[in-house]
Every structure is written in C-alpha cells, then in structure tokens.
Undergrad: 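Dropping the structure in here first, questions after.
Note that the structure is a prediction, hence the values are computed from the model and not measured.
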Amino acid sequence: QVQLVESGGGMVQAGGSLRLSCAASGRTFSSSAMGWFRQAPGKEREFVAAISGSGSFTNYANFVKGRFTISRDNAKNTVYLQMNSLKPADTAVYCCAARSNPIIFIEIREISYWGQGTQVTVSS
C-alpha cells in the first residue's frame with residue numbers, strides 16, 4: 001500500500017507560479033513511477049506529467065510542455081511539479097499518482113495509487 005499526500009496548491013494570478021509536492025510512504029519510492037493528473041469542474045481527469053522511478057525519463061501533456069517541470073527526490077520520497085506561466089485554464093484539482101512499477105506512464109488505467117488532490121486556482 002502507498003500513501004500519497006499533496007501540498008502546495010493555492011490561488012495565483014495568471015502568469016504566476018506554484019510548486020506542488022507529493023510525499024509518498026509505504027513502498028520503496030524509487031520502484032514507483034510518479035506523476036500528476038488534474039480534474040477541472042465538469043471535465044474528466046487528464047494526464048499532466050509523469051516521471052520514471054529513477055527520474056531519468058519524463059513525459060508531459062502537450063498543454064503544459066515548456067511551462068511545467070516534474071522532478072523527484074528519491075531520498076525524500078517526494079515528487080514535485082513546478083508550474084510556471086500559469087493560465088486560468090490550469091485551474092483544477094491536481095492529484096498525485098503512483099504506478100506499481102518504475103516505468104513511466106500516461107494513462108489513468110496504469111495508476112495504482114492516488115492522492116487526495118490539491119486545488120490550484122488561477123485568476124485572470
């Protein structure tokens with residue numbers, strides 16, 4: 001079993017930045033690919049970014065490329081999402097996700113564990 005706890009959400013103006021953190025426990029952290037999904041009101045959950053267990057490989061949704069950066073610190077069992085140049089369209093609940101193997105992912109069906117989510121609100 002893996003527990004995921006997100007932090008760092010909040011409200012920011014368009015063009016601003018936020019850094020989300022997700023602390024994991026209950027499993028050897030480096031054996032899990034980690035990532036982020038988001039869900040806006042009335043919309044389906046969508047993939048944002050992922051990172052392999054070693055941190056060597058990353059994957060991003062097209063709508064965040066060049067603006068968001070995912071990273072991980074395996075010594076701290078934590079994955080981060082640095083979000084820059086935020087837009088009102090980025091407003092959503094951001095959920096941390098973990099896979100039960102270290103291979104990078106992109107689809108919801110590949111996820112074994114979810115965090116509760118943290119709200120990100122970007123005002124215009």
Side-chain angles (χ1 to χ4, degrees):
Q1 192 70 14
V2 174
Q3 292 78 44
L4 304 174
V5 180
E6 302 98 334
S7 61
M11 183 176 292
V12 66
Q13 289 189 330
S17 299
L18 284 173
R19 188 175 83 153
L20 306 183
S21 300
C22 173
S25 61
R27 178 184 171 92
T28 302
F29 187 63
S30 61
S31 67
S32 294
M34 302 292 295
W36 297 87
F37 288 76
R38 72 184 187 185
Q39 188 166 18
K43 295 187 177 181
E44 294 185 351
R45 187 171 292 189
E46 61 182 356
F47 170 78
V48 176
I51 187 167
S52 61
S54 67
S56 297
F57 301 97
T58 58
N59 193 21
Y60 296 93
N62 286 335
F63 54 78
V64 303
K65 283 183 179 178
R67 300 190 298 126
F68 292 11
T69 302
I70 190 169
S71 61
R72 65 189 295 159
D73 185 337
N74 285 352
K76 295 183 178 180
N77 287 5
T78 302
V79 62
Y80 305 96
L81 185 68
Q82 178 66 44
M83 305 186 294
N84 298 328
S85 301
L86 283 162
K87 306 174 182 179
D90 295 318
T91 295
V93 174
Y94 284 71
C95 292
C96 182
R99 192 177 188 184
S100 58
N101 64 58
I103 301 171
I104 204 166
F105 57 80
I106 192 171
E107 297 184 12
I108 290 177
R109 62 180 176 85
E110 299 174 283
I111 303 306
S112 300
Y113 307 100
W114 293 96
Q116 294 280 50
T118 185
Q119 176 71 45
V120 171
T121 302
V122 184
S123 61
S124 58

Undergrad: Would you name the heavy atoms of Leu4 and Ala24 that are closest together and state the gap between them?
TA: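 The answer is CD2-CB, 3.6 Å.
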
Undergrad: Applying a strict under-4.5 Å side-chain criterion to I, L, V, M, F, W and Y, I'd like to know whether Leu81 and Val120 cluster together.
TA: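 Hydrophobic grouping puts Leu81 with Val120.
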
Undergrad: Work out which heavy atom in Gln119 is nearest to a heavy atom in Thr91; give both atom names and the distance.
TA: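 Between these two residues, the closest heavy atoms are NE2-CG2, 4.0 Å.
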
Undergrad: With sequence neighbours excluded, what pairs up with Tyr94 under the ring-ring contact (aromatic ring centres under 6.0 Å, His included) test?
TA: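 Result, ring-ring contact (aromatic ring centres under 6.0 Å, His included) vs Tyr94: none returned.
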
Undergrad: Heavy-atom count check: over 12 atoms from other residues, nucleotides or ligands less than 6.0 Å from Phe63 CZ?
TA: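 Yes - once you tally the heavy atoms of other residues, nucleotides and ligands closer than 6.0 Å, there are more than 12.
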
Undergrad: So if you build clusters from Ile, Leu, Val, Met, Phe, Trp, Tyr with side-chain heavy-atom gaps below 4.5 Å, do Leu18 and Val93 land together?
TA: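 In one cluster: no.
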
Undergrad: Mind listing the closest non-hydrogen atom pair of Phe37 and Phe105 along with its distance?
TA: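 Minimum heavy-atom contact is CE1-CE1, 3.7 Å.
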
Undergrad: Can you run down the disulfide bond (SG atoms under 2.5 Å apart) pairs that involve residues 70-106, sequence neighbours left out, and say none if there aren't any?
TA: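 The answer is Cys22-Cys96.
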
Undergrad: Side chains of Met83 and Val12: closer than 4.5 Å at any heavy-atom pair?
TA: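 Of all side-chain heavy-atom pairs linking Val12 with Met83, none is under 4.5 Å.
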
Undergrad: Would you give the length of the straight line joining atom CZ of Arg99 to atom CD1 of Ile111, rounded to the nearest 0.5 angstrom?
TA: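 If we round to the nearest 0.5 Å, Arg99:CZ and Ile111:CD1 are 7.5 Å apart.
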
Undergrad: Nearest 0.5 Å, what's the CE-OG1 distance between Met34 and Thr58?
TA: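 OG1 of Thr58 is found 15.0 Å from CE of Met34.
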
Undergrad: Quick one: closest heavy-atom pair of Val122 and Lys87, and the distance?
TA: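 Heavy atoms only, the tightest pair is CB-O, 3.2 Å.
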
Undergrad: Examine distances only and state if a side-chain atom of Arg72 and a backbone atom of Gly55 form a donor-acceptor pair shorter than 3.5 Å.
TA: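 Here the side-chain-to-backbone pair does not exist.
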
Undergrad: Same hydrophobic cluster for Val5 and Val79, using side-chain heavy-atom links shorter than 4.5 Å among ILVMFWY?
TA: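 Not linked; separate clusters.
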
Undergrad: Find the distance between CG (Asn62) and CZ (Phe47) and round it off to the nearest 0.5 Å.
TA: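 Here the rounded value is 10.0 Å.
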
Undergrad: Between atom OG of Ser52 and atom CD1 of Ile103, what is the distance when rounded to the nearest 0.5 Å?
TA: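 Output value for this atom pair is 10.0 Å.
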
Undergrad: When you look at Thr28 and Ser30, which way does the side-chain contact (heavy atoms from CB on, under 4.5 Å) test go after all the steps?
TA: CA-CA 6 Å; Thr28 302; Ser30 61; 3.7 Å; yes

Undergrad: Could you give the distance from OG (Ser100) to CD (Glu110), rounded to the nearest 0.5 Å?
TA: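 The distance works out to 10.0 Å.
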
Undergrad: What residue pairs, at least two apart or across chains, pass side-chain hydrogen bond (donor to acceptor under 3.5 Å, both in side chains) with a residue in residues 6-21?
TA: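 Every pair satisfying side-chain hydrogen bond (donor to acceptor under 3.5 Å, both in side chains) with a residue in residues 6-21: Ser17-Asn84.
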
Undergrad: Would you say the side chain of Gln3 lies within less than 4.5 Å of the side chain of Gln1, judging by non-hydrogen atoms?
TA: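 Heavy-atom side-chain distance check passes, below 4.5 Å.
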
Undergrad: Heavy atoms only: give me the nearest Asn59-Ile104 pair and the separation to one decimal.
TA: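 Of all heavy-atom pairs spanning Asn59 and Ile104, the closest is N-CD1, 3.4 Å.
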
Undergrad: Hey, any chance Leu20 and Val2 share a hydrophobic cluster, counting ILVMFWY side chains that come within less than 4.5 Å of each other, even indirectly?
TA: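 Cluster IDs for Leu20 and Val2 match.
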
Undergrad: Spell out, yes or no, whether Ile70 and Tyr80 are grouped together once hydrophobic residues are joined by side-chain heavy atoms under 4.5 Å, including indirect joins.
TA: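 No; tracing contacts between hydrophobic side chains, which count when under 4.5 Å, never links both residues.
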
Undergrad: For Val64 and Val48, which heavy atoms make the closest approach, and how far apart are they?
TA: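 For Val64 and Val48, the tightest heavy-atom pair comes out as CG2-O, 3.6 Å.
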
Undergrad: Which distance, rounded to the nearest 0.5 Å, do you find between the CZ of Arg67 and the CG of Asp90?
TA: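 Taking CZ in Arg67 and CG in Asp90, the distance rounds to 4.0 Å.
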
